[in-house]
Amino acid sequence: MILMPRKAEAMRAGTPKDAGAGSPEIEIRDLHKSFGDNQVLRGIDLEVDAGEVVCVIGPSGSGKSTLLRCVNLLEEPTSGKVFVGGTEVTDLDVDIDAVRRRIGMVFQQFNLFPHLTATENLTLPQRRVLGRGKAEAAETAARNLERVGLAAKADAYPAQLSGGQQQRVAIARALAMGPEVMLFDEPTSALDPELVGDVLAVMRRLAQEGMTMMVVTHEMSFAREVADRVVFMDGGVIVEQGPPAQVVGDPQHERTRHFLNRILDPAAAEPEEPTGE
Amino acid sequence: MTSRLTKRQRRRLSQGIQYTVFLAALGVIGGLADWDTLQNQFFQTDLVKKLFPDIITIALRNTVVYTLSGFVFGLVLGLVIALMRLSSVAPYRWVAGIYIEIFRGLPALLIFIFVGVAVPLAFPGTEIPGGIYGKVALGLGLVAAAYMAETIRAGIQAVPKGQMEAARSLGFSHGRAMVSVIIPQAFRIVIPPLTNELVLLFKDSSLVLFLGVTLEERELTKYGRDLASQSANSTPILIAGLCYLLVTVPLSFVVRHLEARARRAR
């Protein structure tokens, strides 16, 4: 049952990573985050190279969403540093709005603006944040809706779209800003099972185009097939990471095995076993 | 026989009794009232004819103008106070909180007297711009702003947190996100309660008569009262009342319609 076709190495040829270019696109150093007494992240070190797709997996409460939200400072880290494209995000002097323009984020709950059509969801941030003209914003919006296969829904309001369509519009909205990095926070967790495939197909294509992606997900088949690297987190630390064939196919740690057993075959999993903490 | 009744029959019987009592009460009240005097006092047809068209072109028109000017001023001030109430700067929150408590806690009439008397005394030589219209906008607006601020604050807080996060993650500053994303959605939420506030203001505009107005500046209540005392007959009061209902009843329907639509949209 193992091994989906791995992404052809050739697809990566010519990207800065393969050229051996200098610093990583995302660099996280000794990141800690607490909410009151609750230590959610306890020292995370992680690098994501340009063009790399990293899937972060782990049980709920393991801190994976918080980690992702620290990258664009939706959560302020308690300590540690985060660099994106060479800029230190955690620097108190940094213009965080300018940094966020370079980082696309896709949320579990889509978070489309419900009072705007699909096209307007894409044009408003381009115009207000990037200062693009009407025509240019509209043209970019049309191109990106096309990219996620929703050109036909350009004038629909979010309430008129299915969850899967809303999520694809949300991806297009992020892409229209021309980001260097895309963060996905459980992008398919709020979707009906039959709608998951379309969203994953869009993400797969994005990965093939060489986008740098950090994806928090429970979709193991997606992780195995698309990720360059899988990171398993538990209890606020990275327990193990490596190529998907290794982490998902042949996990070295008991906690990883236990988590994968539960996720891949929920019925067979033994009840409760203390993990970390 | 009673114990033989099914539940449904008993419910029907109970409803029938209530209808009967209601109709009987109406009949008694109607029978006891002195209809001839009522018609004489409140609906003299020749007096009714004399009221038109001035009661519409002057009185109703002024009522509408007073209400709208107070509403617009109150809306702007209310939005500012709502944003202050939500500010991360504590003194703004305090000022907004104190404002709301004071102006919600005082009768509108007191505030009108205050605007009419205290303001000219406190700032001698200064005139509130816009004459009577400025004064009314100020008086009505000060009161309305306190209520509207709380409504707008609730509306802003009802916009899901993810909306702000999505806007911020796209690079919007907090202020721009408020203006472009949050406030437009908040206003959609608060349109029904704000329309309700408009109905209340429409009635409160009758307090203008405590500011002292010229003949041309009279609104419905003042106009009705003046003509009632001139003619020693209450017909103008009744007609003025009907003019209020002419506006408030349709507005209430609009509110109900908007509320129903908002429920469906969610």
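In the text below, chain A, chain B and the rest are named by the order of the sequence lines, each starting its count at 1. Because only heavy atoms are used, hydrogens play no part in the values below, and waters and symmetry mates are left out as well, while side chains stay in.
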(request) Assess whether side-chain hydrogen bond (donor to acceptor under 3.5 Å, both in side chains) is satisfied between A:R100 and B:S169, documenting all intermediate values. (result) CA-CA 6 Å; A:R100 284 185 179 135; B:S169 78; over 6 Å; no

Is it the side chain or the backbone of [X] that comes within 4.5 Å of chain B heavy atoms, both, or neither?
| X | answer |
| --- | --- |
| A:L74 | side chain |
| A:L112 | backbone |
| A:F107 | side chain |

Enclosure of [X] [atom1] (heavy-atom neighbours >12, cutoff 6.0 Å):
| X | atom1 | answer |
| --- | --- | --- |
| B:F114 | CZ | no |
| B:F22 | CZ | no |
| A:R128 | CZ | no |
| B:R12 | CZ | no |
| B:Y92 | OH | no |
| A:K33 | NZ | yes |

(request) Return the minimal non-hydrogen interatomic distance between A:H115 and B:S180, and the atom names on each side. (result)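 Answer, listing the atom of A:H115 first, then B:S180: NE2-O, 3.8 Å.
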
Pairwise side-chain contact, [X] with [Y], heavy-atom cut-off 4.5 Å (strictly under):
| X | Y | answer |
| --- | --- | --- |
| A:L124 | B:F172 | yes |
| A:M177 | B:L170 | yes |
| B:R188 | A:P114 | no |

(request) Go through A:R69 and B:E165 one step at a time and tell me if the side-chain contact (heavy atoms from CB on, under 4.5 Å) criterion holds. (result) CA-CA 10 Å; A:R69 292 162 60 87; B:E165 287 187 349; 2.7 Å; yes

(request) Carefully, step by step, assess B:V181 and A:L116 under the rule side-chain contact (heavy atoms from CB on, under 4.5 Å). (result) CA-CA 9 Å; B:V181 176; A:L116 303 175; over 6 Å; no

(message) What part of B:R176 gets within 4.5 angstrom of chain A, counting heavy atoms only: side chain, backbone, both, or neither?
(response) side chain

(message) Between B:A167 and chain A, with a heavy-atom cut-off of 4.5 Å, which part of the residue counts as in contact: side chain, backbone, both or neither?
(response)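 Contact with chain A involves both backbone and side-chain atoms of B:A167.
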
